[in-house]
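I have placed the structure first, in the form of structure tokens, so that the comments after it can refer back to it.
Excluded from the calculations below are hydrogen atoms, water molecules and symmetry mates; all remaining heavy atoms, backbone and side chain alike, are included.
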Amino acid sequence: MEIAIIAHDGKKADMVQFLNKNKVVLMSENIKLIATGTTGAKAESVGLKVKKMLSGPQGGDAQIAARVAEGKTKMVLFFKDPLSSHAHESDVNMLVRVCDVHNVPLATNEASAQLFLNAIAIEQQS
């Protein structure tokens with residue numbers, strides 16, 4: 001299962017903490033991680049193997065949206081910062097729309113992302 005990880009600048013530290021907490025699930029041989037450039041580099045810093053796309057403002061969100069549309073990415077964990085404006089907001093909205101169109105789970109905060117990973121952990125145990 002390919003899972004995309006993305007975090008706005010104000011949420012990158014939260015994403016790293018979340019990834020580190022869920023490292024066992026995410027390092028499973030059944031999980032492949034992709035990420036926007038900077039988020040991917042941060043994920044690698046906690047020992048995860050990640051295929052990095054471009055950074056979000058340079059088109060990384062669009063690259064991930066394309067993978068969702070192609071049926072390659074099966075889940076998106078996108079820690080959005082709702083308190084800041086973002087120059088590439090149209091790309092973010094497009095990614096959300098593509099996830100909705102293709103019925104791909106999209107977590108935009110830690111609570112929903114944790115629920116998704118808990119479900120994967122339960123499935124891995126059975």
Side-chain angles (χ1 to χ4, degrees):
M1 170 189 271
E2 184 173 282
I3 300 174
I5 53 174
I6 309 166
H8 282 144
D9 288 344
K11 294 291 183 175
K12 288 196 191 312
D14 292 341
M15 176 62 85
V16 169
Q17 186 176 6
F18 173 80
L19 296 171
N20 202 35
K21 181 171 80 172
N22 289 282
K23 205 173 185 178
V24 172
V25 173
L26 295 170
M27 291 181 82
S28 162
E29 64 185 43
N30 300 329
I31 304 287
K32 178 182 173 189
L33 297 176
I34 65 167
T36 49
T38 310
T39 302
K42 301 267 185 194
E44 288 175 334
S45 75
V46 297
L48 294 170
K49 184 177 176 187
V50 182
K51 179 179 180 178
K52 293 185 297 248
M53 305 291 159
L54 296 171
S55 71
Q58 295 178 341
D61 299 327
Q63 286 179 301
I64 289 173
R67 294 182 72 81
V68 169
E70 293 169 355
K72 294 177 181 174
T73 300
K74 303 297 184 185
M75 181 182 293
V76 178
L77 309 179
F78 188 171
F79 286 15
K80 293 172 57 176
D81 184 354
L83 302 178
S84 298
S85 64
H86 306 280
H88 62 290
E89 193 66 32
S90 59
D91 291 337
V92 171
N93 291 336
M94 181 261 311
L95 174 58
V96 170
R97 181 183 171 281
V98 169
C99 287
D100 287 343
V101 167
H102 293 277
N103 201 31
V104 169
L106 168 67
T108 60
N109 58 55
E110 184 176 348
S112 55
Q114 190 63 63
L115 288 172
F116 289 166
L117 293 190
N118 289 350
I120 290 172
I122 290 168
E123 187 176 301
Q124 287 175 346
Q125 292 173 356
S126 54

Inset, instruction - Report whether M1 and M27 are members of the same hydrophobic cluster (ILVMFWY, side-chain heavy atoms less than 4.5 Å apart, transitive linking). - result: yes
Legend entry - Considering all heavy atoms, the nearest K11-P82 contact: CE-CD, 4.4 Å
Legend entry - Nearest heavy-atom neighbours spanning V98 and A69: CG1-N, 3.9 Å
Inset, instruction - Output yes when a side-chain donor or acceptor of N22 lies under 3.5 Å from a complementary backbone atom of F18, and no otherwise. - result: yes
Legend entry - Side-chain touch L19/L26, heavy atoms, less than 4.5 angstrom: yes
Inset, instruction - Dump the intermediate steps for side-chain contact (heavy atoms from CB on, under 4.5 Å) on R97 and N93, then the final yes or no. - result: CA-CA 6 Å; R97 181 183 171 281; N93 291 336; over 6 Å; no
Legend entry - Q124 atom CD, over 12 foreign heavy atoms within 6.0 Å: yes
Inset, instruction - Spell out, as yes or no, whether a donor-acceptor pair under 3.5 Å connects the side chain of S28 to the backbone of N30. - result: yes
Inset, instruction - Flag yes if more than 12 heavy atoms outside E44 fall under 6.0 Å of its CD atom; otherwise flag no. - result: yes
Inset, instruction - Please round to the nearest 0.5 Å and tell me the distance separating atom OG1 of T36 and atom CG of L95. - result: 10.0 Å
Inset, instruction - Using a 4.5 Å cut-off on heavy atoms from C-beta on, say whether the side chain of F116 contacts that of I3. - result: no
Legend entry - S112 (side chain) donor-acceptor with N109 (main chain) under 3.5 angstrom: yes
Inset, instruction - Using the salt bridge (charged side-chain N to carboxylate O under 4.0 Å, His left out) rule, take D9 and K12 through it: C-alpha gap first, then chi angles, then the decisive distance, then the call. - result: CA-CA 5 Å; D9 288 344; K12 288 196 191 312; 3.8 Å; yes
Inset, instruction - Return the minimal non-hydrogen interatomic distance between G40 and V50, and the atom names on each side. - result: CA-CG1, 4.0 Å
Legend entry - Pairing residues for S45 by the side-chain contact (heavy atoms from CB on, under 4.5 Å) criterion, not counting sequence neighbours: none
Inset, instruction - Any chance you could measure K74, atom NZ, to H102, atom NE2, to the nearest 0.5 Å? - result: 10.5 Å
Inset, instruction - Consider only side-chain heavy atoms of I, L, V, M, F, W and Y, link residues closer than 4.5 Å, and tell whether L77 and L115 are in one cluster. - result: no
Legend entry - Whether over 12 other heavy atoms sit under 6.0 Å from K49 NZ: no
Inset, instruction - Evaluate the side-chain contact (heavy atoms from CB on, under 4.5 Å) criterion for residues F79 and E110: first the C-alpha distance (whole Å), next the side-chain angles of each, then the deciding distance (0.1 Å), finally the verdict. - result: CA-CA 7 Å; F79 286 15; E110 184 176 348; 3.9 Å; yes
Inset, instruction - Check the pair I31, E2 against side-chain contact (heavy atoms from CB on, under 4.5 Å), reporting the backbone distance first and the verdict last. - result: CA-CA 6 Å; I31 304 287; E2 184 173 282; over 6 Å; no
Inset, instruction - Determine whether I34 and R67 make a side-chain contact, defined as any pair of heavy atoms from C-beta on separated by less than 4.5 Å. - result: yes
Legend entry - Pairs involving residues 46-76, ordered by first then second residue, that meet ring pair (Phe, Tyr, Trp, His ring centres under 6.0 Å) (sequence neighbours left out): none
Inset, instruction - Check whether any side-chain N or O of T39 sits under 3.5 Å from a backbone N or O of A7 as a donor-acceptor pair, and report yes or no. - result: yes
Inset, instruction - Kindly indicate, with the supporting measurements, whether the criterion side-chain contact (heavy atoms from CB on, under 4.5 Å) is fulfilled by F78 and V92. - result: CA-CA 9 Å; F78 188 171; V92 171; 3.7 Å; yes
Legend entry - Single-linkage hydrophobic cluster M53~L48, side-chain heavy atoms < 4.5 angstrom: no
Legend entry - Close side-chain approach of T108 and V76, heavy atoms under 4.5 Å: no
Legend entry - M15 CE to K42 NZ distance, which is reported to the nearest 0.5 Å: 12.5 Å
Inset, instruction - Provide the closest heavy-atom pair for T38 versus S55 in the form atom of the first, atom of the second, distance. - result: OG1-CB, 4.3 Å
Legend entry - Residues which pass side-chain contact (heavy atoms from CB on, under 4.5 Å) with L54, listed by chain and number, not counting sequence neighbours: Q58, Q63
Inset, instruction - For residues M75 and I120, determine if any side-chain heavy atom of one lies less than 4.5 Å from a side-chain heavy atom of the other. - result: yes
